Structures are given as structure tokens and as C-alpha cells.
Amino acid sequence: MTLRMDYKKEYPEALHAMLQFEQFVKGSGIDPTLLELIKLRASQINGCAYCLDLHSKDARAQGETEQRIYLLNAWREAPYYTNAERAVLALTEAITLISESGVSLDVYDEARIHFDGKQFMAILMAINAINCWNRIAISTGMMPD
């Protein structure tokens, strides 16, 4: 795939809006490790090579293990994720694939066991932000360096 459009150059205000969204998410209090798991899992589902490359590097820089990064596709079977992380990964999958079956009450309830209303809303914002970034990157043909 080749770059179709340099969206940053074509419409800098669009990039600015996304960066504000990203700053909100980063400042929302979500654990940085959990945030990178959200970004990686949604990017895996969406097939965004650019974001997978970026966020796997970010996760490693924050001390995430190679094992947890490599096994993220199989998080249900791998013993390396906490119950709270599992709840967020299930929520990330449901929201990323929302047109397939929505967000079940079971998935919602499991996440709410681990997170209060503000934390839960911050997680929703993080999931939606990375899905938006994925769609921009894929649509414009962004690829890893």
C-alpha cells in the first residue's frame, strides 16, 4: 500500500482535532499499560499496520513485555492478563466490531465491575479514539516507516 494522502498537510485542523482527542484520552487517568493494550487490540482487529507498529513500540517503551504483546490476539487463552485487562479487551473488541453484535450486557457489566463511571467513560473514549486513528491511517494509506 502506498500513501494516498498526507492528511496532516491537506487539512491540518483535522489533525489538530484528533490530537486534542488524544490529549484528552492521555490525560483521563487510564493506566498507560492498559491504554496501549486498547490501542494494540483495536489496531489488530482493524488491520492497521501503522498503528500496530507505533503502539507496539510505545508499549515496549513503557515496559510492556514481548510475550504480552505477541499473545494479545489470544488474550482469552493466555494467562498473562489481569481480570480488569480482560474486561477492557472484551469491551475493546465489542466496540471495535459494534456493527456485528453491539456491546452485550455481559461485556458491559464485567467492565463496570472493575471501573467506576468516570474510568469507564475514559476507556470508551480511548477505544473510540484508536478506532478513529485506525480508520484515518488505513483510509489514507499510512504505513510504518
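Computation of the quantities below employed the complete heavy-atom set of this structure, encompassing side-chain atoms and omitting hydrogens, waters and symmetry-equivalent molecules. Quick note: residue numbers are just sequence positions, from 1. Keep in mind the model is a prediction, meaning the values are calculated, not measured.
In this structure a side-chain-to-backbone donor-acceptor pair under 3.5 Å is present from D116 to K118.
Nearest heavy-atom pair across R4 and S139 is NH1-O, 3.1 Å. Taking all atoms of both residues into account, the shortest heavy-atom contact from P144 to A49 is CG-O, 3.6 Å. Across S43 and N134, no two heavy atoms sit closer than the pair OG-ND2, 3.0 Å. The heavy-atom pair separating L40 from A59 by the smallest distance is CD1-CB, 4.1 Å. Across A129 and E22, no two heavy atoms sit closer than the pair CB-OE1, 4.4 Å.
Inter-residue side-chain proximity for H16 and Q20 is flagged as met; some heavy-atom pair is nearer than 4.5 Å. Side-chain contact between S28 and M125 is absent, with no heavy-atom pair separated by less than 4.5 Å. No side-chain heavy atom of F120 sits less than 4.5 Å from a side-chain heavy atom of I123. With a 4.5 Å cut-off on side-chain heavy atoms, T65 and Y80 do not count as touching. Side-chain contact check for Y70 versus Q67: every heavy-atom pair is 4.5 Å or farther apart. Counting heavy atoms from C-beta on, the side chains of L35 and D31 never come closer than 4.5 Å. Proximity of M143 to L3: side-chain heavy atoms (C-beta onward) are nowhere separated by under 4.5 Å. D6 has its side chain out of reach of T140: every pair of non-hydrogen atoms, C-beta onward, lies at least 4.5 Å apart.
Ion pairing of E13 with K8 is absent here, as no side-chain N (NZ or NE/NH1/NH2) approaches a carboxylate O to less than 4.0 Å. Note on E93 versus R76: salt bridge recorded, some NZ/NE/NH1/NH2 to OD/OE distance being below 4.0 Å. With respect to E85 and R41, no salt bridge is recorded, no charged nitrogen being found less than 4.0 Å from a carboxylate O. Electrostatic pairing of E64 and R60 does not count as a salt bridge here, judged by no charged N lying under 4.0 Å from a carboxylate O. Using a cut-off of 4.0 Å between Lys/Arg side-chain N and Asp/Glu carboxylate O, E110 and R86 are scored as not salt-bridged.
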| query | Hey, mind stepping through Y7 and M142 against side chain to side chain contact (heavy atoms under 4.5 Å, CB included) and telling me if it holds? | reply | CA-CA 10 Å; Y7 74 94; M142 294 174 66; 3.5 Å; yes
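V25 and L15 fall within a single hydrophobic cluster, where Ile, Leu, Val, Met, Phe, Trp and Tyr side chains are chained together by heavy-atom contacts under 4.5 Å. No chain of hydrophobic side-chain contacts below 4.5 Å, direct or via other Ile, Leu, Val, Met, Phe, Trp or Tyr residues, connects L91 to Y81. Linking ILVMFWY side-chain heavy atoms closer than 4.5 Å, directly or via other members, places I30 and I127 in a single hydrophobic cluster. Hydrophobic clustering, with ILVMFWY side chains joined whenever heavy atoms are under 4.5 angstrom apart, keeps L54 apart from I45. Note on F115: it does not cluster hydrophobically with L37, by side-chain heavy-atom contacts below 4.5 Å among ILVMFWY residues.
Between E36 and the options R68, H55, K57, a side chain to side chain donor-acceptor pair (under 3.5 Å) holds for only H55.
In this structure, SG in C132 is found 3.5 Å from CE in M18, a value given to the nearest 0.5 Å. The structure places CZ of R112 at 11.5 Å from CG of L105, a figure rounded to the nearest 0.5 Å. To the nearest 0.5 Å, atoms CH2 (W75) and OG1 (T92) are separated by 9.0 Å. With rounding to the nearest 0.5 angstrom, the OG1 atom of T33 is 11.5 Å from the CG atom of D58. The CG atom of N83 sits 9.5 Å away from the CD1 atom of I113 when rounded to the nearest 0.5 Å.
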